[in-house]
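Below: the structure, in structure tokens.
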Number of protein chains: 2
Amino acid sequence: MKNRLKILRAERDWTQAHLAQHLDVSRQTVNAIEKGKYDPSLPLAFRIARLFGTTIEDVFQYEEGQT
Amino acid sequence: MKNRLKILRAERDWTQAHLAQHLDVSRQTVNAIEKGKYDPSLPLAFRIARLFGTTIEDVFQYEEGQT
DNA sequence: TAACAGAGTCAAGCTTGCTTTACTTTTTAT
DNA sequence: ATAAAAAGTAAAGCAAGCTTGACTCTGTTA
């Protein structure tokens, strides 16, 4: 699962900590997701997409057979 | 989190077991998700949307402050 | 009414998502 | 070059997603 978090964040000049606050998760969680260490839960994916004003499909790109 | 699984399944006249097979999860998992017992992982949500030829947002409706 | 298919549910166990705490490395600005 | 901010990383622990196995409760439909 790839994602555009780093780009979306950069476009708004937000830090991982700032993003974490607005998503109500820890900074480490944002970092781990951004680095592709693991996938967010579906509810968190919704909150991320909503915060960036876009869709889950726009933020995350699923590729068959990786997880 | 609400979902349209039962409807999408009915439109295609698929059983929970049939759906489970094509998603590569157990029948109990399909049942639990359909009944809203818990949310699917993000990868599984992608596979569900893809199988039904639609988007995650079309299958699942997130509502603030439930999970 | 008996039998079968589909749906619902429960328990135990493993894996993954997320937390806190704490530390190291990289980037930015002075 | 130094200091501060941001990013990266790791370990331990709890919560959520998913599994298998087994059992119940619905409809059908023969």
Side-chain angles (χ1 to χ4, degrees):
Chain A
M1 185 89 67
K2 288 183 180 175
N3 70 75
R4 304 205 307 120
L5 268 185
K6 189 169 184 173
I7 295 164
L8 290 165
R9 207 164 51 74
E11 286 174 354
R12 289 155 182 80
D13 199 29
W14 289 350
T15 67
Q16 291 182 348
H18 177 85
L19 179 53
Q21 283 170 18
H22 285 78
L23 291 172
D24 199 34
V25 293
S26 71
R27 181 181 66 81
Q28 287 81 347
T29 292
V30 167
N31 185 281
I33 292 169
E34 184 167 315
K35 300 231 76 185
K37 204 175 171 194
Y38 53 72
D39 303 319
S41 67
L42 185 55
L44 180 50
F46 265 102
R47 279 183 274 145
I48 292 170
R50 179 169 297 184
L51 183 57
F52 285 117
T54 186
T55 63
I56 291 178
E57 282 84 356
D58 179 59
V59 182
F60 300 94
Q61 292 81 46
Y62 178 67
E63 302 167 35
E64 200 63 49
Q66 1 202 71
T67 165
Chain B
M1 186 88 68
K2 288 183 178 174
N3 71 75
R4 304 206 307 122
L5 269 185
K6 189 169 185 174
I7 295 165
L8 291 165
R9 208 164 50 74
E11 286 174 352
R12 289 155 182 79
D13 199 30
W14 288 351
T15 67
Q16 292 182 347
H18 177 84
L19 179 53
Q21 282 170 19
H22 285 78
L23 291 172
D24 199 35
V25 293
S26 71
R27 182 181 65 80
Q28 287 83 344
T29 292
V30 167
N31 184 280
I33 292 170
E34 185 168 314
K35 300 233 77 187
K37 204 174 170 194
Y38 53 71
D39 303 318
S41 67
L42 185 55
L44 179 51
F46 265 103
R47 279 184 273 145
I48 291 171
R50 180 170 295 183
L51 184 58
F52 285 117
T54 185
T55 62
I56 291 178
E57 282 84 355
D58 179 59
V59 181
F60 300 94
Q61 292 81 46
Y62 179 67
E63 303 168 34
E64 200 64 48
Q66 4 201 67
T67 165

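- In this structure, the side chains of B:E34 and B:Q16 come closer than 4.5 Å at one or more pairs of heavy atoms.
- Atom CD in A:E34 sits about 11 Å away from atom P in D:dT9, given to the nearest Å.
- Contact annotation: the side chain of A:D39 approaches that of B:P43 to within less than 4.5 Å [non-hydrogen atoms, C-beta and beyond].
- A:R50 pairs by the salt bridge (charged side-chain N to carboxylate O under 4.0 Å, His left out) definition with B:E64, not counting sequence neighbours.
- Between B:H22 and B:L51, the closest heavy-atom pair is CB-CD2, 3.8 Å.
- Between A:Y62 and B:R47, some side-chain heavy-atom pair lies under the 4.5 Å cut-off.
- Nucleotide D:dG17 holds its P atom 12 Å from the CG atom of A:L44, rounded to whole Å.
- Proximity of residues 24-33 of chain B to DNA chain C (heavy atom under 4.0 angstrom from any strand atom) is restricted to B:R27, B:Q28, B:N31.
- DNA chain C lies under 4.0 Å from no heavy atom of any residue of residues 4-20 of chain A.
- The side-chain contact (heavy atoms from CB on, under 4.5 Å) test applied to B:E57 returns A:F46, A:T55, A:I56, A:E57, B:T55, not counting sequence neighbours.
- At a threshold of 4.5 Å between non-hydrogen side-chain atoms, the residues B:M1 and B:E63 do not count as touching.
- Here the side chains of A:L44 and A:I33 are in contact, with some heavy-atom distance below 4.5 Å.
- The side-chain heavy atoms of B:L19 and B:F52, taken from C-beta on, include a pair separated by under 4.5 Å.
- The closest side-chain heavy-atom distance from B:T15 to B:R27 is not below 4.5 Å.
- For B:R4, the salt bridge (charged side-chain N to carboxylate O under 4.0 Å, His left out) partners are B:D58, not counting sequence neighbours.
- B:K35 comes within 4.0 angstrom of sugar-phosphate atoms only, judged by non-hydrogen atoms across all strands, and of no base.
- When rounded to the nearest whole Å, the span between OH of A:Y38 and P of D:dA11 equals 15 Å.
- To the nearest angstrom, P of D:dA16 lies 18 Å from CG of A:D39.
- End-to-end axis angle of the helix from C:dT1-D:dA30 to C:dT30-D:dA1, from C1' rotation axes over five pairs per end: 40° (rounded to 10 degrees).
- Note on B:S41: every side-chain N or O is 4.0 Å or more away from OP1 and OP2 of C:dG17.
- C:dA7 atom P lies 12 Å from atom CD of B:Q21, rounded to whole Å.
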